[in-house]
Structures are given as structure tokens and as C-alpha cells.
Asks: 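Quick one: the structure is below, and I'll ask about it shortly.
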Number of protein chains: 2
Amino acid sequence: MARRHQDYACGEGCPVEAALEIIGAKWKGGIVYHLLAGETRFSELGRRMPNVTARILAKALRELEADGVIARTVYPTIPPQVGYRLTEEGERLRPAILELHRWGSRPRGVFDIAAE
Amino acid sequence: MARRHQDYACGEGCPVEAALEIIGAKWKGGIVYHLLAGETRFSELGRRMPNVTARILAKALRELEADGVIARTVYPTIPPQVGYRLTEEGERLRPAILELHRWGSRPRGVFDIAAE
DNA sequence: CGGTATCCGAGATGATACTG
DNA sequence: CAGTATCATCTCGGATACCG
């Protein structure tokens, strides 16, 4: 997760691996996907992803922020609000995320479900 | 890795998460990327991804095969050869993989490298 | 060549409780 | 509301050695 790529020749630093190291961790893809819709609050993300705990969500958000994919904005209101949005860098992920969404959405054979 | 999605509403079974559960694991993105070029042998994959051990590579290949992304062909030659290629399902991943590759290839700021 | 069999540690994930 | 602190767990990835 923290490991960045060193070179861009496929092998050790394959760009695909590099990208997946940043958004491939659990929940991160979902986070970026939800942020495609625009700035979203912490609690709203939690509501849209009911299976992730606050700790894990916060950790993923901090890592995505460190990787320059998202930005965090604190609104000093009462109660406090924090919004997350994609950076320019994160916004450039849109086509990839949408393609993943398309692929993951297509009805798979009955096999997968049966194999459950 | 084995867990498939049950519903397609983002939340627990987000399609993006579903896709990343299949190709998000370490090395899997790279494997699929290399297979975009066509059928490739086990040893050739190992050569192109020097940092993955045979055990891990074999494990990832078996999982991708179980998920219907790749197909395995054994040629009973001497010495034995085994080829891996994308299935139709896997082939449909091409746009997503290429987008990830594009995103991962772009020169990032010096920050990332320096942060290392 | 193309794998498997063991063993192992690190880090990712998670449940729960608490706080500015 | 938006987290953090602590503790427990557990799966993934890897090292090493061996096999048909």
C-alpha cells in the first residue's frame, strides 16, 4: 500500500501494479468510485459502504490522500464536517474506475453464483 | 479473493470492489496485463515478473483461472509446456487494464519518489 | 518445465470503546 | 460528526526445499 513504483518498465514496477497498489486495496476502489460523484462527507461514505468500519475507512482515506488521489477539507462547523473529493490526479482515474465498474457489473454466468 | 459479489448496488457488492477482488491482488494486474499480448508460458510470465516466486505466481494463476479470467493449456511436450491466455471474460478487462496502465505510467511528481 | 509442500512473519482488516 | 486507541485475528505474500 505504501510502496510506490520505482521504474515504469513492466517487471518490478509495472504501471498496472503501481496503479493497483494505490487503488487495489480493499474499499479503495469503492471510495474512489463514490467520489466520482463529487465531494462527499465521511459519514456519507460510511453510509454508502456499510461494511467498512470507521477505522478502516479513515485509514484508507488517509492513504489515498497521501497518494495524491483525494483531498480532505475540514469545515469548522458545529458539528464538524469533513469532505473528501478527488484531486486532479484522482479525477484522471475516472475512466479506469468506470471500466472496472462496467466489468464488475456485467452479469456473470450462473457458475459464480452457484459456486458460492 | 474468493468472495464474489452478491448484489450490484454499491455498498457491500460494489461492482468496482467486485472487480478489484478478482484482479486487485498483488501481481494479478500484471499477469492480466502481460496476457493482453497473447498466450504466454509460465516461465515467460516468471521472466517478465522477476519479483514473484513460482508459488505465488502459480497461486495467482489458479485463482484467475477459477474466476474465469484466464485459461490454462497444457502441451504434453518434452519438456512440458503450459500456456496461459485470457478468456473472453478476461479479454473484456482490456480497457480497464489499459486505463490502469495509462494512469500508472504517467510521470508522477517528484514527491512520491522523494517520499520513499 | 511447471509446478507443490511446509513453514513463517508482516501487515491488512476488524470489533470495540472512547474523544475533541 | 469525524475520527483515534487498543487489541485480536487472519489472510496474503514470501523463503525454501522438493517433485513428476
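Naming convention: chains lettered A, B, ... in sequence-line order (proteins, then strands); numbering from 1 in each chain. Values in this document were obtained by computation on a predicted structure and should not be read as measured data.
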Asks: Between P on dG11(C) and CD on E21(A), what's the gap in Å once rounded to a whole number?
Replies: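 For the pair E21(A) CD and dG11(C) P, the rounded distance is 14 Å.
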Asks: Quick one: is dG14(D) close enough that its OP1 or OP2 comes under 4.0 Å of any side-chain N or O from W27(B)?
Replies: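 Indeed, a polar side-chain atom of W27(B) lies that close.
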Asks: Sequence neighbours excluded, which residues qualify as side-chain hydrogen bond (donor to acceptor under 3.5 Å, both in side chains) partners of R85(A)?
Replies: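 For R85(A) there are no side-chain hydrogen bond (donor to acceptor under 3.5 Å, both in side chains) partners, ignoring immediate neighbours.
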Asks: Need the bend value for the helix from dC1(C)-dG20(D) to dG20(C)-dC1(D): angle between end axes, 5 pairs each end, nearest 10°.
Replies: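 Here the helix ends are tilted 60° relative to one another.
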Asks: I70(B) has an atom CD1; how far is it from atom P of dG2(C), in whole Å?
Replies: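 Going from CD1 in I70(B) over to P in dG2(C) covers 14 Å.
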Asks: Can you check the I56(B) CD1 to dA15(D) P distance for me, whole Å?
Replies: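 My rounded result for the distance is 9 Å.
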Asks: For I78(B) and dG2(C), give me the distance from atom CD1 to atom C1', rounded to whole Å.
Replies: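 The answer, rounded to whole Å, is 14 Å.
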Asks: Atom CG in L57(B), atom CH2 in W27(B): separation rounded to 0.5 Å?
Replies: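 Nearest 0.5 Å value for the CG-CH2 distance: 9.5 Å.
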Asks: Side-chain contact, heavy-atom cut-off 4.5 Å: I97(B) with I23(B)?
Replies: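 When only atoms from C-beta onward are counted, I23(B) and I97(B) do touch, with a gap below 4.5 Å.
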Asks: Roughly how far, to the nearest 0.5 Å, is the OH atom of Y84(B) from the CD atom of E65(B)?
Replies: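 Between E65(B) CD and Y84(B) OH, I get 7.0 Å after rounding to 0.5 Å.
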Asks: Could you tell me which residues satisfy side-chain hydrogen bond (donor to acceptor under 3.5 Å, both in side chains) with R102(B), sequence neighbours excluded, listed by chain and number?
Replies: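 For R102(B) the side-chain hydrogen bond (donor to acceptor under 3.5 Å, both in side chains) partners, ignoring immediate neighbours, are E99(B).
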Asks: Just how far, in rounded Å, is C1' of dC12(D) from CG of L20(A)?
Replies: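 Rounding to the nearest Å, CG of L20(A) and C1' of dC12(D) are 16 Å apart.
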Asks: Taking side-chain hydrogen bond (donor to acceptor under 3.5 Å, both in side chains) as the test, write out the residues that go with R62(A), two or more places apart.
Replies: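 R62(A): no side-chain hydrogen bond (donor to acceptor under 3.5 Å, both in side chains) contacts found.
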Asks: Each nucleotide in nucleotides 1-6 of chain D should get exactly one letter: B, S or -. Can you fill that in based on protein heavy atoms under 4.0 Å?
Replies: BSBSBB
Asks: Mind checking whether L64(B) and V74(B) sit in one hydrophobic cluster, side chains of I, L, V, M, F, W, Y counted as touching below 4.5 Å?
Replies: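 In one cluster with L64(B): V74(B), yes.
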Asks: Do Y75(B) and V82(B) have side chains that get closer than 4.5 Å, going by heavy atoms?
Replies: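 Y75(B) does not reach V82(B) side chain to side chain.
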Asks: Can you name the residues that form a side-chain hydrogen bond (donor to acceptor under 3.5 Å, both in side chains) with E44(B), not counting sequence neighbours?
Replies: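 Testing E44(B) for side-chain hydrogen bond (donor to acceptor under 3.5 Å, both in side chains), a comparison that skips the adjacent residues, returns R47(B), R48(B).
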Asks: Can you measure E63(B) atom CD to dC12(D) atom P for me and round it to whole angstrom units?
Replies: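 Result: 7 Å.
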Asks: Think K26(A) has a side-chain N or O under 4.0 angstrom from the OP1 or OP2 of dG14(C)?
Replies: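 For K26(A), the contact criterion (side-chain N or O under 4.0 Å from OP1 or OP2 of dG14(C)) is met.
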